[in-house]
Amino acid sequence: MQASELLTDTLPVLSLQDSLEKAVDFYLDTAVCHLPVVEDGTLQGILPTDLLVNVPDKGLLIGSFRDDFVNAFAFPDQHGMDVFELIAKLSLTSIPVVDEHRQYLGSVITEDLLLRLSNFYSFKQLGGIIVLRLGYRDYNLSEIAHIVSGNDARILMLYLDADEEQQQYRLTIKLDTLNLAPVIATFERYKYIIDYYRPMGYEKDDLDDRYGLLMKLFDL
């Protein structure tokens, strides 16, 4: 899933000559507060309209708010997860997509992206979460995968977060099982530090029941 597959042509585009009033109207109509500013086909930046709603003079031109523009964009061949990471880092409700000449191609709306990501198997599949804390030199993905598979489980998703100050990683693993006890026991035997895991044993049956009800609700 690349950014080019997520483009929408329904998001309004602003120009430097448009008024702030027009931008605010777009914001109220679409609930998207980060709107692309484009001049002669070239992206100028993103206008954070929500921050400017309370500016008294709505007749001011968008060009007068250049210092407030967010300078962020994605390329069409970037993966959806890369786009999501950029959106999350900057707390954006949309992000423009440009070519190598910064020509505007369209925008990815955060809500649409989240909907697409939610349809990924790894998100829809019920499973347990384990978070490991390990030093930079201790990160061994093949060993971690071997521990998981050795307990008849599969890794659905991995997320690695670095703590540069502590020189450590926090590795979040989603598995295809709620029975985490044997996996956790093996990690502990291999001297891994477990920061977090869910479900606990007493939560497993309740989660199974709730998931079953949810799947019936959606006819899945």
Side-chain angles (χ1 to χ4, degrees), residues 1-18 20 22-53 62-63 65-125 127 129 131 139 141 145 154-164 169-174 176 218 220:
M1 179 181 62
Q2 295 182 326
S4 58
E5 303 172 58
L6 300 165
L7 291 179
T8 179
D9 55 5
T10 61
L11 187 67
V13 175
L14 298 168
S15 75
L16 296 172
Q17 288 74 41
D18 285 332
L20 179 58
K22 184 175 183 179
V24 171
D25 287 342
F26 285 160
Y27 165 44
L28 296 176
D29 287 343
T30 64
V32 175
C33 55
H34 297 95
L35 299 173
V37 181
V38 178
E39 201 69 28
D40 296 325
T42 302
L43 178 69
Q44 304 298 308
I46 303 171
L47 184 74
T49 311
D50 58 328
L51 301 181
L52 305 172
V53 167
I62 299 302
F65 296 98
R66 274 186 178 275
D67 290 343
D68 296 298
F69 287 2
V70 179
N71 185 27
F73 52 81
F75 292 111
D77 59 350
Q78 279 188 256
H79 193 273
M81 291 300 293
D82 290 333
V83 177
F84 175 71
E85 185 174 342
L86 183 57
I87 283 174
K89 181 179 180 180
L90 298 174
S91 300
L92 300 175
T93 51
S94 74
I95 189 167
V97 178
V98 300
D99 65 14
E100 66 272 19
H101 304 296
R102 206 180 167 100
Q103 291 292 294
Y104 178 72
L105 303 176
S107 288
V108 175
I109 297 177
T110 303
E111 185 177 354
D112 295 343
L113 176 58
L114 289 174
L115 182 61
R116 288 287 296 273
L117 289 176
S118 70
N119 288 321
F120 277 16
Y121 175 77
S122 59
F123 285 96
K124 294 176 69 175
Q125 173 76 1
I129 302 290
V131 180
Y139 178 56
L141 183 57
R154 289 183 302 158
I155 295 175
L156 297 177
M157 186 169 59
L158 284 171
Y159 181 77
L160 190 65
D161 189 26
D163 183 341
E164 295 183 3
Y169 288 126
R170 291 186 81 240
L171 180 65
T172 302
I173 311 170
K174 181 175 180 180
D176 68 341
F218 287 101
L220 295 177

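FYI, side chains are in, hydrogens and waters are out, and symmetry mates aren't considered; it's all heavy atoms of this structure.
- Between A23 and L35, the closest heavy-atom pair is O-CD1, 3.7 Å.
- For D25, the side chain to side chain contact (heavy atoms under 4.5 Å, CB included) partners two or more places apart in sequence, or in a different chain, are E21.
- Here the OH atom belonging to Y27 is positioned 12.0 Å from the CG atom belonging to D29, to the nearest 0.5 angstrom.
- Between the CD1 atom of I109 and the OG1 atom of T93 there is a distance of 8.5 Å, given to the nearest 0.5 Å.
- Remark: T110 pairs with no residue by the side chain to side chain donor-acceptor pair (under 3.5 Å) rule, at least two apart or across chains.
- Under the 4.5 Å side-chain criterion, counting only non-hydrogen atoms from C-beta, P76 is in contact with L105.
- The ring-ring contact (aromatic ring centres under 6.0 Å, His included) test applied to Y104 returns no partner, not counting sequence neighbours.
- Across all their heavy atoms, V97 and A3 have their closest contact at CG2-CB, 4.3 Å.
- A 4.5 Å side-chain heavy-atom check between T172 and D161 finds every atom pair outside the cut-off.
- Taking CG of L47 as the start and CD1 of I62 as the end, the distance is 5.0 Å to the nearest 0.5 Å.
- Y169 is linked by a ring-ring contact (aromatic ring centres under 6.0 Å, His included) to Y136, Y139, counting only residues two or more places apart in sequence or in another chain.
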Do any side-chain atoms of residues 10-17 form donor-acceptor pairs under 3.5 angstrom with protein atoms, and if so which ones, sequence neighbours left out?
from : atom 1 : to  : atom 2 : distance (Å)
T10  : OG1    : T8  : OG1    : 2.7
S15  : OG     : Q17 : N      : 3.3
S15  : OG     : D18 : N      : 3.4
S15  : OG     : D18 : OD2    : 3.4

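- Put simply, the side chain of V131 does not reach to within 4.5 Å of the side chain of L171, judged on heavy atoms.
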For V37 and F69, what are the C-alpha separation, side-chain angles and deciding distance, and is it a side-chain contact (heavy atoms from CB on, under 4.5 Å)? CA-CA 9 Å; V37 181; F69 287 2; 3.9 Å; yes
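- Note on R154 versus D176: salt bridge recorded, some NZ/NE/NH1/NH2 to OD/OE distance being below 4.0 Å.
- If you take CD on Q2 and CG on L7, they are separated by 10.5 Å, rounding to the nearest 0.5 Å.
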Show the numbers, then the answer: is there a side-chain hydrogen bond (donor to acceptor under 3.5 Å, both in side chains) between H34 and S94? CA-CA 6 Å; H34 297 95; S94 74; 5.8 Å; no
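- Of all non-hydrogen atoms in A74 and V83, the two that sit nearest each other are CB-CG2, 4.1 Å.
- Each side chain to side chain donor-acceptor pair (under 3.5 Å) pair with one or both residues in residues 40-53, not counting sequence neighbours, appears once here: T42-Q103, Q44-R66.
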Could you check L92 against I46 for side-chain contact (heavy atoms from CB on, under 4.5 Å), going step by step and ending with a plain yes or no? CA-CA 10 Å; L92 300 175; I46 303 171; 4.2 Å; yes
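- Scanning for side chain to side chain contact (heavy atoms under 4.5 Å, CB included) contacts around F73 gives L43, N71, F75, P96, V98, R102, with sequence neighbours left out.
- No more than 12 heavy atoms of other residues, nucleotides or ligands lie within 6.0 Å of CZ in F84, so this atom counts as exposed by the packing criterion.
- Atom CD of residue Q78 and atom CD of residue E85 lie 10.0 Å apart, to the nearest 0.5 angstrom.
- The shortest distance between side-chain heavy atoms of L20 and L52 falls below 4.5 Å.
- Counting non-hydrogen atoms of other residues, nucleotides and ligands closer than 6.0 Å to CD of E164 gives a total of 12 or fewer.
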